[in-house]
Protein chains: 2
Amino acid sequence: MAEPINLNRLAYFAAVVDTGSFTRAAERLGVTKTVVSQQVARLEADVGVSLLTRTTRSVQLTEAGRGLHARCLAILKEADEAFAELSDAALEPRGTLRITAPNDFGSFIVAPVVAAFTRRHPKCRVELVITDAKLDLIGQQFDLAIRVGWLDDSSALARRIDTFRQLAVANPALAERHPAAGPDDLLVWPFIANLSLKDPGLWTFRRGAEERTLRVQPAMSVNATPAALAAVHAGGGFAVLPEFLVAEEIAAGRLIPLLPDWSLPSGGIHAVYPATRFRPLKVKAFVDMLSDKRNWPTHCP
Amino acid sequence: MAEPINLNRLAYFAAVVDTGSFTRAAERLGVTKTVVSQQVARLEADVGVSLLTRTTRSVQLTEAGRGLHARCLAILKEADEAFAELSDAALEPRGTLRITAPNDFGSFIVAPVVAAFTRRHPKCRVELVITDAKLDLIGQQFDLAIRVGWLDDSSALARRIDTFRQLAVANPALAERHPAAGPDDLLVWPFIANLSLKDPGLWTFRRGAEERTLRVQPAMSVNATPAALAAVHAGGGFAVLPEFLVAEEIAAGRLIPLLPDWSLPSGGIHAVYPATRFRPLKVKAFVDMLSDKRNWPTHCP
DNA sequence: GTGATTGTTTGTTAAAAGTGTACGGTCTTT
DNA sequence: AAAGACCGTACACTTTTAACAAACAATCAC
């Protein structure tokens with residue numbers, strides 16, 4: 001094809017035909033009649049065919065003009081609908097929201113929020129992929145990823161949802177057997193490492209200004225946090241786990257927090273999205289909802 | 001509606017999606033990749049939605065982008081077809097050609113040419129309205145009018161097809177009764193006026209440098225040339241008629257030309273078309289054909 | 001690492017789109 | 001018939017946009 005024809009002029013032409021007058025077309029379009037006259041003239045020059053026969057008092061369609069006008073209406077209607085659809089998406093969450101989240105936080109927190117989200121926004125469907133693998137956001141077409149812990153790469157943008165405390169926990173039987181007055185005492189405990197962390201064996205305990213860093217040798221390693229939790233229950237050792245995961249069990253006495261007056265570094269829960277110019281409303285709406293703890297399951301503070 | 005969205009940008013967007021790359025889209029469109037990048041960015045700004053997720057190495061469609069792309073293709077295809085249709089019309093005569101012509105010339109000359117024209121251009125239909133009334137070209141949507149005689153108004157454009165001599169004729173009986181040595185002798189003849197002329201009673205005869213203008217009082221008036229011819233045949237008087245109308249009858253001896261060494265002013269046969277920017281090809285083709293006398297019926301010189 | 005590829009940014013220029021005024025025609029009004 | 005209201009266009013002018021070229025940041029392949 002040679003030179004593309006200016007599609008915008010179609011709107012001018014259509015307006016003239018619809019209103020039957022250059023002047024009224026100009027009013028409708030909110031421009032001077034000069035512009036309408038010129039644009040239509042250029043459209044005619046582009047296609048090399050006269051579309052309108054003008055007298056000083058009225059305008060009549062050419063045969064060619066009549067043919068174009070019919071198609072013109074179809075084109076403009078299609079375009080209008082297309083843009084209206086997009087505007088809707090910018091006004092109200094809709095479409096499909098693809099989320100990936102890690103096992104623990106995904107199952108415990110994200111899934112319930114997703115349920116509430118789909119209830120609130122019926123036009124929005126959600127695909128939740130729960131995995132501890134760090135999938136490629138763009139390649140897999142995710143709108144959103146929830147990352148627990150620390151952000152490593154990040155050419156992507158992130159928003160912090162929450163921070164969580166991490167607790168060293170063991171099952172009651174194990175906790176009874178081994179006394180632990182300070183961090184160093186833990187070195188002799190069997191340790192369950194969570195491989196989904198950057199450095200699973202390195203932990204820094206704090207108590208006020210006091211700080212103690214130790215490298216623990218794992219008795220076992222797993223790459224999924226729930227598996228680590230299960231291992232703790234089975235008495236395989238102690239592990240460092242997010243508070244939101246174990247709070248309920250501690251309250252019920254099924255797990256024992258170790259060194260309660262020492263604290264471990266807090267982790268961050270982040271919403272990570274690929275860098276696009278405009279964030280889809282559905283993403284913002286969901287992240288807003290996820291950030292509001294009132295939407296979280298009740299057993300979490 | 002607020003501000004119209006730039007439809008031209010759709011082509012850029014579609015090209016990126018189709019080729020899967022800004023660079024290749026730029027090549028296809030014959031512009032710099034800068035332009036493609038900017039135009040797509042502005043389209044996104046217009047609709048307030050991201051359509052593409054860009055990495056430095058690749059481009060991926062957003063959900064919203066996917067929706068727009070589908071419609072985009074439909075819009076661009078429709079536009080392409082519409083313009084192609086118009087271009088065809090500019091390349092080959094097609095559609096309907098509405099012509100009006102006066103009774104005499106229309107029936108004798110135009111109609112046969114129309115027949116040949118439709119045979120040569122099968123995609124072109126012709127509506128021939130034969131009447132001596134001077135119809136409104138624009139209001140009645142005529143592409144072309146054939147006017148015989150002299151052009152009076154003409155905000156319209158005209159092209160001369162031919163000139164024709166006019167002859168004063170009578171039937172043999174009348175011509176025998178009245179001798180006519182010079183123009184002034186005709187003043188005593190009964191005269192049949194043709195009201196379709198501007199000034200039906202005013203005639204100027206010429207013989208070399210000699211000139212004689214006379215105002216003839218009509219014995220009868222009609223507004224149609226064939227009717228005048230019939231009246232002449234019936235011996236109602238003499239009349240001034242176009243040569244193409246009476247040549248055959250004179251040759252057959254059924255009509256007698258008066259004052260054969262004097263000449264009357266020649267009339268013009270004109271093709272008149274409404275003033276449009278671009279003349280449809282069908283009009284040009286027809287006028288060309290009508291101007292070429294080889295297409296005329298054989299009994300005319 | 002190094003170079004090649006890709007999309008964006010930045011400055012700059014030419015071409016559009018747009019405005020206001022004036023003009024030739026035509027229809028209505030008186 | 002003359003006056004006035006309209007209509008579409010032409011013209012001079014300002015503002016916005018499209019387009020290019022060159023440089024840049026980020027990635028992938030080798």
Side-chain angles (χ1 to χ4, degrees), chain A residues 3-13 15-17 19-46 50-62 65 136-139 153-157 274-278, chain B residues 3-13 15-17 19-46 50-62 65 136-139 153-157 274-278:
Chain A
E3 74 294 335
I5 289 183
N6 193 327
L7 293 183
N8 292 328
R9 306 206 222 267
L10 291 180
Y12 292 92
F13 170 65
V16 172
V17 176
T19 63
S21 143
F22 280 72
T23 306
R24 279 191 294 277
E27 285 170 14
R28 175 200 280 192
L29 297 173
V31 294
T32 323
K33 55 183 180 174
T34 307
V35 177
V36 181
S37 173
Q38 214 181 80
Q39 293 299 316
V40 173
R42 288 193 182 170
L43 175 61
E44 289 179 310
D46 283 349
S50 286
L51 304 171
L52 300 169
T53 33
R54 306 126 158 101
T55 39
T56 47
R57 299 292 293 176
S58 73
V59 172
Q60 281 246 331
L61 265 177
T62 300
D136 173 26
L137 288 195
I138 296 173
D153 60 330
S154 83
S155 65
L157 305 177
T276 56
R277 278 199 158 60
F278 299 91
Chain B
E3 73 293 335
I5 288 183
N6 193 328
L7 293 182
N8 292 328
R9 306 209 222 265
L10 291 181
Y12 292 93
F13 170 65
V16 172
V17 176
T19 64
S21 143
F22 280 72
T23 305
R24 280 191 295 276
E27 285 170 14
R28 174 200 278 191
L29 297 173
V31 295
T32 324
K33 56 183 179 173
T34 307
V35 177
V36 181
S37 171
Q38 240 182 49
Q39 292 299 318
V40 173
R42 289 193 182 169
L43 175 59
E44 289 179 310
D46 283 351
S50 286
L51 304 171
L52 298 169
T53 332
R54 305 131 159 97
T55 37
T56 48
R57 301 291 294 177
S58 73
V59 172
Q60 281 247 330
L61 267 176
T62 301
D136 174 26
L137 289 195
I138 295 173
D153 61 327
S154 82
S155 65
L157 305 178
T276 55
R277 278 197 158 62
F278 299 90

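In what follows, every chain begins at residue 1, and chains take the letters A, B, ... in the order their sequences are listed.
- Comparing C:dG7, D:dA21, C:dA16 by their closest approach to the side chain of B:Ser21 singles out C:dG7.
- To the nearest 0.5 Å, the span separating OG on A:Ser50 from CG on A:Leu61 amounts to 12.0 Å.
- Scanning atom types as modelled, no donor and acceptor separated by under 3.5 angstrom connect the side chain of A:Thr23 and the base of D:dG8.
- Nearest heavy atom pair, residue A:Leu43 against residue A:Phe13, reads CD2-CB, 3.7 Å.
- Rounding to whole angstrom units, CD of residue A:Gln39 and P of C:dA15 are separated by 17 Å.
- For C:dG25, neither phosphate oxygen OP1 nor OP2 lies less than 4.0 angstrom from any side-chain nitrogen or oxygen of A:Arg54.
- Residue A:Val59 places its side chain closer to D:dG8 than to any other of D:dA18, C:dG20, D:dG8.
- Separating the CG atom of B:Leu51 from the P atom of C:dG7 is a distance of 16 Å, rounded to the nearest angstrom.
- Taking side-chain N and O atoms only, B:Ser37 has a distance below 4.0 Å to OP1 or OP2 of C:dT8.
- An OP1 or OP2 oxygen of C:dG18 is reached within less than 4.0 angstrom by no side-chain nitrogen or oxygen of A:Gln38.
- Per the geometry, CG belonging to B:Leu29 stands 15 Å off C1' belonging to D:dC20, to the nearest Å.
- Across D:dA18, C:dT9, D:dG8, the shortest atom-to-atom separation from the side chain of B:Thr34 is found for C:dT9.
- The phosphate of D:dA18 has OP1 or OP2 within less than 4.0 Å of a side-chain N or O from B:Asn6.
- For the residue pair A:Asn6 / B:Asn8, a side-chain donor-acceptor distance below 3.5 Å is found, with atom types taken as modelled.
- Regarding A:Lys33, its NZ atom lies at a distance of 14 Å from the P atom of D:dA5, rounded to whole Å.
- Nucleotide D:dT9 holds its C1' atom 13 Å from the CD atom of A:Glu44, rounded to whole Å.
- Heavy atoms of B:Val31 sit under 4.0 angstrom from primed sugar atoms or phosphate atoms, though from no base atom.
- Along DNA chain C, the nucleotide nearest A:Thr55 and the nucleotide nearest B:Gly20 are compared for position; the residue whose nucleotide lies closer to the 5' end is B:Gly20.
- For the pair B:Ile5 CD1 and D:dT17 P, the computed distance is 14 Å after rounding to whole Å.
- Side-chain atoms of A:Thr34 and A:Ser37 form no donor-acceptor pair, as typed in the model, at a separation below 3.5 Å.
- Atom P of nucleotide D:dC7 and atom CZ of A:Arg24 are separated by 7 Å, given to the nearest angstrom.
- When the side-chain nitrogen and oxygen atoms of B:Asn8 are compared with OP1 and OP2 of D:dA18, none of them lie within a distance under 4.0 Å.
- Picking from C:dA17, C:dG7, C:dT10 the nucleotide with the shortest atom distance to the side chain of B:Phe22 gives C:dG7.
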Notebook entry, point to check: Are A:Arg54 and A:Phe22 close enough, and set up right, to give a side-chain contact (heavy atoms from CB on, under 4.5 Å), and what steps lead you there?
Noted result: CA-CA 10 Å; A:Arg54 306 126 158 101; A:Phe22 280 72; 3.9 Å; yes
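- Per the geometry, CZ belonging to A:Arg42 stands 13 Å off C1' belonging to D:dA18, to the nearest Å.
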